[in-house]
Protein chains: 2
Amino acid sequence: MALSAPETRPYHHGDLRRALIDAALDLAERHGAERVTLREVARQLGVSAAAPFRHFASRKALMTAVGVEANERLALEMRRALARAGASPLARLRALSRGYVGWALRHAGHFRIVSARDELDVDGTPALQAGMHALRDLTEDTVRAAQAAGELRPDDDAERLALLARAAAYGLARMHHDDHFRQWGVAPGREAEAMEGTLNLLLSMMARR
Amino acid sequence: MALSAPETRPYHHGDLRRALIDAALDLAERHGAERVTLREVARQLGVSAAAPFRHFASRKALMTAVGVEANERLALEMRRALARAGASPLARLRALSRGYVGWALRHAGHFRIVSARDELDVDGTPALQAGMHALRDLTEDTVRAAQAAGELRPDDDAERLALLARAAAYGLARMHHDDHFRQWGVAPGREAEAMEGTLNLLLSMMARR
DNA sequence: ACCTGAACACCGTTCAAGT
DNA sequence: ACCTGAACACCGTTCAAGT
């Protein structure tokens, strides 16, 4: 038996903190955010139920760390959508909205985590605040650029337009997440289509003609 | 001691089922939906933890009964708003939206319960399905009436317009509930104002001019 | 017919004790 | 410094037993 290498690591993990976050992200993605329990995460990693408390003061603290990560992924997705969108300011706004609801659709567990802010310590986590603020700025900047280009009516307040766009996107994403669509006549399997069509309707109304 | 009167009732309640629903509604309203636990409800009523299971097969079954009641109250509120709104079709649509977000704002716990459909057995509860469907019809009918009166552009699909209006209202209500507004530049105490202003912006865009 | 008491398998969290 | 084991106060749920 060697004196060095893998056996050198302590009980189980070199970086349990990191492993806990990853396992939580994985659990949320595969089985939903409500299945992310400290004991289950610990079980996945083969450590005791008390082990996570060496790295996170509470369940909320772990969820907050997971939220930071999830929000970064959402931001990445939206920036990518923007990068692919080309130059037309209105198309950029559409890309941003589609990027948002698309990510929420494909990553329901992570979407739920960044949504449910009573499970997150936003105030005590500057990184999370900054990340969320950055997404808001991205939306507002895109709205302002569209106004400057004459593609949105200039008399509407940019902040309010951005809030409306976000409310519609968040509303659609949550309606899907909370299973409201069946009640609203959206055929199963056509949710993405309905969300996109509804967002397009909004954007066409926002555009001056 | 009399042979009749109050002492005649069994252990505690004449109608424990009804009392459980009322206590749950009360708890949700005062301390939030997540505090509605079967054990806590039982405690409030002075019965054992097992007693609720005589009347509801599971927590979900109780929440569903509570959801039926909450949805009825929401419907009542929206119908009242409509009744007060007068004849202008656009004003009626505005009243409907305001009624929705206003109720959500004032009854956060009940709003949360009708929102979180994974905690409700919608499929197995015709009364709930019917109640929710009625609210959708109310919105669509109001949209159609506004179109017929020439106050909304007739070329837009009524179903899609109704979905957009609902997505915006639900999005705003949930953004508030999930504490997103601070991140979106809405000053504390001015949430209702921001929600109304945003809905008015949407309605002004929906209107033909 | 309706309710209780005790039990079981889960949680989050704490703390003394181990390496 | 980091982790375990046992404990505590909570859950939802079940079931035999009481009235």
Side-chain angles (χ1 to χ4, degrees), chain A residues 1 3-4 6-24 27-28 31-67 109 112-113 116 118-121 124, chain B residues 1 3-4 6-24 27-28 31-67 109 112-113 116 118-121 124:
Chain A
M1 45 306 283
L3 293 162
S4 57
E7 287 81 6
T8 314
R9 64 180 176 169
Y11 292 61
H12 292 91
H13 290 274
D15 191 354
L16 182 55
R17 191 193 137 83
R18 184 66 244 169
L20 288 164
I21 295 173
D22 289 338
L27 257 169
H31 300 291
E34 66 287 343
R35 280 270 296 265
V36 179
T37 134
L38 286 180
R39 290 186 106 109
E40 179 62 32
V41 169
R43 226 175 277 128
Q44 301 271 327
L45 298 172
V47 296
S48 77
F53 288 90
R54 281 292 121 193
H55 303 275
F56 297 99
S58 64
R59 177 178 193 272
K60 191 172 195 166
L62 171 60
M63 292 309 267
T64 300
V66 171
R112 168 82 179 266
I113 288 172
D118 54 325
E119 289 183 21
L120 304 178
D121 178 22
Chain B
M1 52 298 279
L3 291 163
S4 56
E7 288 80 8
T8 315
R9 62 180 177 170
Y11 291 62
H12 293 90
H13 290 275
D15 191 353
L16 183 54
R17 191 194 138 83
R18 186 64 244 171
L20 288 163
I21 295 173
D22 288 339
L27 256 169
H31 300 291
E34 66 288 342
R35 280 270 297 264
V36 180
T37 133
L38 285 180
R39 290 186 107 108
E40 179 62 32
V41 168
R43 225 175 278 128
Q44 301 271 325
L45 298 173
V47 296
S48 76
F53 288 91
R54 280 293 120 194
H55 303 273
F56 297 99
S58 62
R59 177 178 193 273
K60 191 172 196 165
L62 171 59
M63 293 309 266
T64 300
V66 171
R112 169 82 178 268
I113 288 172
D118 55 325
E119 288 182 23
L120 304 178
D121 178 21

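Every chain is numbered from 1 and lettered A, B, ... according to where its sequence line falls, protein lines coming before strand lines. Please read all numbers here as calculations on a predicted model, not as lab measurements.
One atom, CZ of A:Phe56, and another, C1' of D:dC3, lie 16 Å apart when rounded to the nearest Å. Distance B:Asp15 CG to C:dA1 C1': 14 Å, rounded to the nearest Å.
Looking at heavy atoms from C-beta onward, A:Leu20 lies in side-chain contact with A:His55 at the 4.5 angstrom threshold. B:Phe56 is not listed as a side-chain neighbour of B:Thr64, based on a closest heavy-atom distance of 4.5 Å or more.
Put simply, CZ on A:Arg39 and OG on A:Ser48 are 9.0 Å apart, with the number rounded to the nearest 0.5 Å. We find the CE-CD1 distance between A:Met63 and A:Ile21 to be 12.0 Å, quoted to the nearest 0.5 Å. Going from atom CD of B:Glu119 over to atom CD of B:Glu34 covers 9.5 Å, rounded to the nearest 0.5 Å. For the atom pair CZ (B:Phe53) and CG (B:Leu38), the distance works out to 5.0 Å, reported to the nearest 0.5 Å.
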A:Leu27 and A:Glu40: side chain to side chain contact (heavy atoms under 4.5 Å, CB included), yes or no, with the steps? CA-CA 9 Å; A:Leu27 257 169; A:Glu40 179 62 32; 3.6 Å; yes
Determine which bases of DNA chain C form Watson-Crick or G-U wobble pairs with both distances under 3.5 Å, and write the result as a 5' to 3' dot-bracket string with | for other-strand partners. ||.|||||...|||||.||
Just by protein heavy atoms under 4.0 Å, how would nucleotides 7-15 of chain C read 5' to 3' in B, S and -? B---BBBBB
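Applying the side chain to side chain contact (heavy atoms under 4.5 Å, CB included) test between A:Val41 and each of A:Val47, A:Val36, A:Val66 identifies A:Val36 as the sole match.
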